[in-house]
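The model shown is predicted, which means the values in this text are computed figures rather than measured ones.
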2 protein chains.
Amino acid sequence: MTLDIGDVSRRSGLPPSTLRYYEEKGLISSTGRRGLRRLFDQSILQRLALITLGREAGFSLEEIASMFTPTGKLSIDRKKCLEKADELEHLAKRLVSVSNVLRHTAACRAPSHLECPSFQRYVKVAEKKSHSMAKRK
Amino acid sequence: MTLDIGDVSRRSGLPPSTLRYYEEKGLISSTGRRGLRRLFDQSILQRLALITLGREAGFSLEEIASMFTPTGKLSIDRKKCLEKADELEHLAKRLVSVSNVLRHTAACRAPSHLECPSFQRYVKVAEKKSHSMAKRK
DNA sequence: ATGCAACTTCAAGTCAACTTGAGGTCAAGC
DNA sequence: GCTTGACCTCAAGTTGACTTGAAGTTGCAT
């Protein structure tokens, strides 16, 4: 019931080179080897899904690595978790705002969007950055 | 009523080097020069806010550039706008899911999160990628 | 008119996140 | 037993998004 790197690659959509890179960086680990070949457990797939998601959310690999405990579970640092959660939620809200800006742009017939009040309103929401956001470099 | 690069930098939070870089890449443009110095219009600030937001949402500068028309308005390609809007909304939903995963991790007392049903549920939502998402390299 | 802070250009450097390539190993099917 | 394909390592290359540095210019206050 263990997976070859090729299987993991196919199932996760990530190329083997990336998987090796992630292992090198300590984000994942193989459960052992058969000869030279890495063997992975099923659970790697969930972990990779979380990593990919974290990347899409704008976290660096280093940040993501810090969210896992050495044993592979998610970090138990509750405060940190809640902070990240807030940050993500705020980002999500802003994204919805931009999404609204785009929908408006597609629909609105006003000569210039910059003068349209509803456009203005969306952009205003989108402009607000949270404090934690600012910290992110 | 025009701004110096320093003013824009202070008001947008972006360093002058980044502003010059963005200009070089065609994401923004100065309205003219006083001697050597670039002059910017007020409206640059809104535009920069949108650019920054786009970056946070994971778009490349090139993608962002393609969302603006040469005249500086948002692209009128309605189909493209709606596609991006969907993409953003989907990403936003997934982010909320990760946020939930994190909150759960902070709150749940189960010995292993991987066995907790509500954790599973959140991860399941988070795992789903949209088609458009997959295209994003 | 003189100093100097804030601008300018342009080339080169940096960093994260991968990818690519050369050269080697191994197990399975013909 | 030998080829083939999927794996391996390790070093070097790539890309995007900036930043830094050197060397020059300019506008405003003293």
Side-chain angles (χ1 to χ4, degrees), chain A residues 2-41 44-45 47-68 129 133-137, chain B residues 1-41 44 47-68 129 133-137:
Chain A
T2 66
L3 304 171
D4 198 79
I5 202 172
D7 304 328
V8 177
S9 173
R10 266 182 297 283
R11 296 232 234 155
S12 68
L14 297 168
S17 62
T18 300
L19 298 175
R20 284 189 279 264
Y21 178 72
Y22 282 0
E23 189 188 35
E24 189 191 323
K25 294 280 155 176
L27 277 94
I28 59 174
S29 52
S30 48
T31 54
R33 299 269 180 143
R34 171 167 43 229
L36 279 181
R37 302 180 176 208
R38 289 165 181 80
L39 295 178
F40 294 96
D41 189 90
I44 195 76
L45 295 170
R47 187 161 179 146
L48 286 171
L50 286 175
I51 292 171
T52 300
L53 203 50
R55 294 280 303 114
E56 280 169 13
F59 293 104
S60 68
L61 294 184
E62 203 181 323
E63 280 179 299
I64 293 169
S66 78
M67 294 180 198
F68 292 103
K129 298 189 192 181
M133 220 60 221
K135 283 193 306 183
R136 275 176 67 191
K137 196 170 112 230
Chain B
M1 223 25 189
T2 67
L3 304 171
D4 197 80
I5 202 172
D7 303 328
V8 178
S9 172
R10 266 182 297 282
R11 296 231 234 155
S12 68
L14 298 168
S17 62
T18 300
L19 298 174
R20 283 190 278 266
Y21 178 72
Y22 281 0
E23 189 186 37
E24 189 192 322
K25 294 280 155 176
L27 275 93
I28 59 175
S29 52
S30 47
T31 55
R33 297 271 180 141
R34 171 167 42 226
L36 279 180
R37 302 178 178 211
R38 288 164 180 82
L39 295 178
F40 294 96
D41 188 271
I44 194 76
R47 186 161 180 146
L48 286 171
L50 286 175
I51 291 171
T52 300
L53 201 50
R55 294 281 302 113
E56 280 169 14
F59 293 103
S60 68
L61 293 183
E62 203 181 324
E63 278 179 301
I64 294 169
S66 78
M67 294 180 198
F68 292 103
K129 298 189 192 185
M133 219 61 220
K135 283 193 307 184
R136 275 176 68 190
K137 201 167 107 234

Task: Proximal nucleotide (of C:dC7, D:dC7, C:dT9) relative to the B:Asp4 side chain - done: C:dC7

Would you mind reading off the distance between [X] atom [atom1] and [N] atom [atom2], rounded to a whole angstrom?
X       : N      : atom1 : atom2 : result
B:Glu24 : C:dT8  : CD    : C1'   : 14 Å
A:Glu63 : C:dC15 : CD    : C1'   : 15 Å
A:Leu39 : D:dA6  : CG    : P     : 17 Å
B:Ile28 : D:dC18 : CD1   : C1'   : 14 Å
A:Lys25 : C:dC15 : NZ    : C1'   : 11 Å
B:Arg33 : C:dT8  : CZ    : P     : 6 Å
A:Arg10 : D:dC7  : CZ    : P     : 7 Å
B:Ile5  : D:dT25 : CD1   : P     : 19 Å

Just verifying a value: how many Å separate [X] [atom1] and [Y] [atom2], rounded to the nearest 0.5 Å?
X       : Y       : atom1 : atom2 : result
A:Glu63 : A:Arg55 : CD    : CZ    : 10.0 Å
B:Ile44 : B:Leu19 : CD1   : CG    : 7.5 Å
A:Thr2  : A:Arg34 : OG1   : CZ    : 5.5 Å
B:Met1  : B:Leu39 : CE    : CG    : 13.5 Å

Taking the side chain as every heavy atom from C-beta outward, state whether [X] and [Y] have any atom pair closer than 4.5 Å.
X       : Y       : value
B:Leu14 : B:Ile51 : no
A:Tyr22 : A:Leu61 : yes
B:Arg20 : B:Ile5  : yes

TODO: Please work out if B:Arg20 contacts a base, only the sugar-phosphate, or nothing of the nucleic acid, heavy-atom cut-off 4.0 Å.
DONE: base

Task: side chain to side chain donor-acceptor pair (under 3.5 Å) between B:Ser29 and B:Glu23, worked out - done: CA-CA 5 Å; B:Ser29 52; B:Glu23 189 186 37; over 6 Å; no

Every protein N/O lying under 3.5 Å from an N/O of nucleotides 17-21 of chain C:
{"residue": "C:dA17", "atom": "OP1", "partner": "A:Leu61", "partner atom": "N", "Å": "3.1"}
{"residue": "C:dC18", "atom": "OP2", "partner": "A:Tyr22", "partner atom": "OH", "Å": "3.0"}
{"residue": "C:dC18", "atom": "OP2", "partner": "A:Arg55", "partner atom": "NE", "Å": "3.3"}
{"residue": "C:dT19", "atom": "OP2", "partner": "A:Ser17", "partner atom": "OG", "Å": "2.8"}
{"residue": "C:dT19", "atom": "OP2", "partner": "A:Thr18", "partner atom": "OG1", "Å": "2.5"}

Open item on the list: Does B:Arg33 have more than 12 heavy atoms from other residues, nucleotides or ligands lying within 6.0 Å of its CZ?
Closed with: yes

Find every protein N or O atom lying less than 3.5 Å from an N or O atom of nucleotides 26-30 of chain D, and list the pairs.
{"residue": "D:dT26", "atom": "O2", "partner": "B:Arg37", "partner atom": "NH2", "Å": "3.3"}

